[in-house]
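Numbers for residues simply follow the sequence, beginning at 1. Being a predicted model, the structure only gives us computed values, none of them experimental.
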Amino acid sequence: MGRMSEQPARWTQSTVYPDMWADPEDDPRNSEGVSPDGELPTLDDFLTGYRTTLRMKCEGLDAEQLARRSVPPSTMSLLGLLRHLAEVERDWRNWIGEGDPLPKLYGKRDGDFDGAVADQAVVDAAYRDLEREQAETDAALAAHPDLGERVGKDGIAVRELMVHRIEEYARHCGHADLLRECVDGRVGQ
């Protein structure tokens with residue numbers, strides 16, 4: 001007799017490639033045509049792709065699934081990642097600006113993960129917070145199209161900030177892959 005497992009069976013929605021999240025024609029990250037010209041449009045394209053990937057990894061889950069800390073003892077959850085990235089977007093604006101730092105969205109350190117509870121109102125707020133913070137950081141950076149320009153009190157180059165944003169989303173998309181698989185078994189790129 002086989003052993004029962006509490007781990008969900010692995011699955012994907014793709015019917016073409018078993019290791020993909022979605023069929024290529026259904027994947028919103030796929031674009032027809034050539035890649036963008038220039039460094040800034042390329043960086044923006046990669047950032048957009050990772051932002052989309054994170055949202056895709058959270059699609060179709062209820063509040064309990066999004067808040068599930070599926071890799072104990074870590075406090076990380078998909079909902080926590082949404083909240084964390086909203087917090088990080090806000091913090092990046094502190095790097096850009098010269099004034100007083102913006103207050104944390106979720107209070108104390110680790111409030112982004114600790115407050116990620118299975119409540120639909122918390123989920124809805126996390127998506128709103130992330131969208132708003134992304135838009136505000138994008139707008140702040142749009143005022144500095146020269147990637148070599150140094151901004152903020154620490155004089156960070158816009159290029160470095162853009163690359164760091166991409167790295168942050170890429171790293172957390174990797175976490176989201178594992179978290180999602182633990183929640184319901186869905187796998188893919």
Inspect the contact between Arg55 and Glu131 and indicate whether a charged nitrogen and a carboxylate oxygen are less than 4.0 angstrom apart. yes

Tell me whether the NZ or CZ atom of Arg83 lies within the 45° cone about the ring axis of Phe113 and under 6.0 Å from its centre. no

Using 0.5 Å steps for rounding, measure from the [atom1] atom of [X] to the [atom2] atom of [Y].
{"X": "Leu102", "Y": "Glu136", "atom1": "CG", "atom2": "CD", "result": "8.5 Å"}
{"X": "Leu85", "Y": "Asp129", "atom1": "CG", "atom2": "CG", "result": "12.0 Å"}
{"X": "Leu130", "Y": "Arg90", "atom1": "CG", "atom2": "CZ", "result": "12.5 Å"}
{"X": "Asp110", "Y": "Lys104", "atom1": "CG", "atom2": "NZ", "result": "8.5 Å"}
{"X": "Leu147", "Y": "Leu40", "atom1": "CG", "atom2": "CG", "result": "5.0 Å"}
{"X": "Ser74", "Y": "Arg69", "atom1": "OG", "atom2": "CZ", "result": "8.0 Å"}

Closest heavy-atom contact between [X] and [Y]?
{"X": "Gly80", "Y": "Ala116", "result": "N-CB, 3.6 Å"}
{"X": "Pro36", "Y": "Thr42", "result": "O-OG1, 3.6 Å"}
{"X": "Val183", "Y": "Ser70", "result": "CG2-OG, 4.2 Å"}
{"X": "Gly148", "Y": "Ala157", "result": "O-CB, 4.5 Å"}

Any chance you could lay out the side chain to side chain contact (heavy atoms under 4.5 Å, CB included) test for Asp177 and Val187, step after step, and finish with the verdict? CA-CA 7 Å; Asp177 283 338; Val187 297; over 6 Å; no

Would you say [Y] and [X] are linked by a side-chain donor-acceptor pair, where the criterion is simply a distance under 3.5 Å?
{"X": "Tyr169", "Y": "Glu89", "result": "yes"}
{"X": "His164", "Y": "Glu160", "result": "no"}
{"X": "Thr137", "Y": "Arg93", "result": "yes"}
{"X": "Asp114", "Y": "Tyr106", "result": "no"}

Quick one: are [X] and [Y] in side-chain contact, heavy atoms under 4.5 Å?
{"X": "Leu61", "Y": "Arg180", "value": "yes"}
{"X": "Cys58", "Y": "Leu66", "value": "yes"}
{"X": "Val122", "Y": "Leu79", "value": "yes"}
{"X": "Leu78", "Y": "Leu82", "value": "no"}
{"X": "Asp112", "Y": "Leu105", "value": "no"}
{"X": "Arg186", "Y": "Glu181", "value": "no"}
{"X": "Ser77", "Y": "Leu179", "value": "no"}
{"X": "Gln134", "Y": "Arg165", "value": "no"}

Exam field: side chain Gln65 to backbone Asp62, donor-acceptor pair closer than 3.5 Å: yes

Are Met76 and Met56 connected into the same hydrophobic cluster when the rule is that any two of I, L, V, M, F, W, Y join if their side-chain heavy atoms are below 4.5 Å apart? no

What do the steps show when you test Leu141 against Met162 for side chain to side chain contact (heavy atoms under 4.5 Å, CB included), and what is the final call? CA-CA 9 Å; Leu141 278 172; Met162 288 296 295; 3.8 Å; yes

Begin from the C-alpha positions of Glu133 and Trp92 and carry the test side chain to side chain contact (heavy atoms under 4.5 Å, CB included) through to its verdict. CA-CA 10 Å; Glu133 297 301 323; Trp92 283 325; over 6 Å; no

Given side chain to side chain contact (heavy atoms under 4.5 Å, CB included), test Leu47 with Arg51 step by step and report yes or no. CA-CA 6 Å; Leu47 180 61; Arg51 285 175 169 176; 3.8 Å; yes

Salt bridge (Lys or Arg N to Asp or Glu O under 4.0 Å) contacts touching residues 150-159 (sequence neighbours left out): Glu39-Arg159

Once the angle between the rings of Tyr50 and Phe46 is folded into 0 to 90°, is it parallel (under 30°), tilted (30 to 60°) or perpendicular (over 60°)? tilted

